[in-house]
Amino acid sequence: MNKVILCGRFTRDPESRMGANSLEVSRFSLACQCDFLSKDGQRETEFINCVAFGRTAQTINKFCQKGRMILATGRIRNSSYDTQDGTKRYSTDVVVDNFEFVGSSKGNESVQSSSSNSTYSNFNNNSNMQTADLSEDPYKEFSEETSISSDEFPF
């Protein structure tokens, strides 16, 4: 399985290009912090090259800029190419299939998501969210309590 999940900030504005068959392409780099601390107590940062295609690329090119944080999922792709002087170069990119905006950007408090099928959602509008009153048992009307001993489990 080739699956990558990244959470990071754009290190620069995405580069927009038109690929074969008029397919929009977006190239960008994400700065992602590592989970572990270095010897001096600082979190290290990885700079990861990414590419997106089609509607995902269109959305990234339109709404993302340097400093914007996203949560991206995709896969690793290794490729090679020949330079003008004839040397072979290798590159590793994350092909981003889906992403979500994380946090806010320049006062914009909305959080959106995008994928290859261009689904957009606004998750930050919590004004209609209801909370449950847990002062009494919410399951009291279902049935009486059932006891199960550990001997009844097959594992």
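Throughout, residue positions are numbered sequentially from 1 according to the sequence presented. None of these values were measured; they are calculated from a predicted model.
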Heavy atoms, side chains only, cut-off 4.5 Å: are [X] and [Y] in contact?
X: S38; Y: R43; answer: no
X: R77; Y: V51; answer: yes
X: D97; Y: F53; answer: no
X: T92; Y: Y90; answer: no
X: F47; Y: L30; answer: no

Keeping [X] on the side-chain end and [Y] on the backbone end, is there a donor-acceptor pair under 3.5 Å?
X: T87; Y: T83; result: no
X: N49; Y: S29; result: no
X: R75; Y: V94; result: no

### Message
With side-chain contact (heavy atoms from CB on, under 4.5 Å) as the criterion, how do I5 and L71 come out once you've worked through the C-alpha distance, each side chain's angles and the decisive distance to 0.1 Å?
### Response
CA-CA 7 Å; I5 302 172; L71 177 67; 4.0 Å; yes

### Query
Does NZ or CZ of R68 lie under 6.0 Å from the centre of the six-membered ring of F63, at an angle within 45° of the ring axis?
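No cation-pi geometry.
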
#### Entry: Presence of salt bridge, R27 and D93, under 4.0 angstrom
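So D93 pairs with R27 through a salt bridge.
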
### Message
Please find the pair of heavy atoms, one from L6 and one from C50, that lie closest to each other, and give the distance.
### Response
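It is CD1-SG, 4.0 Å.
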
### Task
Kindly give the heavy-atom pair with the smallest separation between S26 and P14, and that separation in Å.
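Shortest heavy-atom separation between S26 and P14 comes out as OG-CB, 3.5 Å.
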
Counting heavy atoms not belonging to [X], are there more than 12 under 6.0 Å from its [atom1]?
X: D35; atom1: CG; value: no
X: D85; atom1: CG; value: yes
X: R12; atom1: CZ; value: yes
X: E15; atom1: CD; value: yes

Rounded to the nearest 0.5 Å, how far does [atom2] of [Y] lie from [atom1] of [X]?
X: E44; Y: K39; atom1: CD; atom2: NZ; value: 10.5 Å
X: T59; Y: E24; atom1: OG1; atom2: CD; value: 9.0 Å
X: I60; Y: D13; atom1: CD1; atom2: CG; value: 12.5 Å
X: Q33; Y: C7; atom1: CD; atom2: SG; value: 9.5 Å
X: E100; Y: I70; atom1: CD; atom2: CD1; value: 10.0 Å
X: M69; Y: C32; atom1: CE; atom2: SG; value: 8.5 Å

